[in-house]
Amino acid sequence: MSTNVNLLGKGLKYLALLISLFIASPITLTMGYKALNKFKDTPKEYISYLILAAASILLIFTIFFAFKTFRILLKAIFNN
C-alpha cells in the first residue's frame, strides 16, 4: 500500500485552491449584505443582489469542491 504521488500533488493543489475559496466565499457574502444595507432604496440596490447571488453560488461551489478535494486526497493516500 503505497501513496500515489502524482494524485497527492493534484490533491494538494486542489487543497490550496480550497483554502482560498474558504476565505473568499464568506468575504463576498459579507460584502453583499453590507452593500444591501448601504444601497437600500436606491437604484444601485440590484448590485447588492447580484453580489449576494454570486456569493451563494460561490458557497455552493466551495462545498462541492471540498468534497471533491478530500475524495482525491483519500484516493491518493489509501490507493482506492
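Starting from 1, each residue takes its place in the sequence as its number. None of these values were measured; they are calculated from a predicted model.
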**Message:** Measuring from atom CG of L8 to atom CG of L12, what distance do you get when rounded to the nearest 0.5 angstrom?
**Reply:** 4.5 Å
**Prompt:** So which pairs with a foot in residues 4-50 pass ring-ring contact (aromatic ring centres under 6.0 Å, His included), sequence neighbours left out?
**Reply:** Y14-F65
**Complete:** CG (L74) and CG (L7) are apart, to the nearest 0.5 Å, by 10.5 Å
**Asked** Which value, rounded to the nearest 0.5 Å, describes the distance between K13 atom NZ and L18 atom CG?
**Response** 16.0 Å
**Asked** Measuring from F64:CZ to L21:CG, what's the distance to the nearest 0.5 Å?
**Response** 12.0 Å
**F70 side chain near L15 side chain, heavy-atom distance below 4.5 Å** = yes
**Asked** Can you name the closest pair of heavy atoms from S25 and T62 and give their distance?
**Response** OG-OG1, 2.9 Å
**Prompt:** Are I51 and L36 connected, step by step, through hydrophobic side chains (Ile, Leu, Val, Met, Phe, Trp, Tyr) whose heavy atoms are closer than 4.5 Å?
**Reply:** no
**Atom of S48, atom of G32 and distance for their closest heavy-atom approach** = CB-O, 3.9 Å
**Asked** Can you get from L59 to L52 by hopping between Ile, Leu, Val, Met, Phe, Trp and Tyr side chains that sit under 4.5 Å apart?
**Response** yes
**Request:** Would you indicate whether the side-chain heavy atoms of N4 and K75 approach each other to under 4.5 Å?
**Result:** no
**Message:** Please say yes or no: joined through hydrophobic side-chain contacts below 4.5 Å, possibly via intermediate residues, are L29 and I47 part of one cluster?
**Reply:** no
**Message:** According to side-chain contact (heavy atoms from CB on, under 4.5 Å), who are the partners of I63, at least two apart in sequence or on a separate chain?
**Reply:** F67
**Message:** In the structure I gave you, are the side-chain heavy atoms of K34 and N37 within less than 4.5 Å of one another anywhere?
**Reply:** no
**Heavy-atom side-chain proximity of L17 to S20 below 4.5 angstrom** = yes
**Prompt:** Taking all non-hydrogen atoms of both residues, which atom of A55 and which atom of T28 are closest, and how far apart?
**Reply:** CB-OG1, 3.5 Å
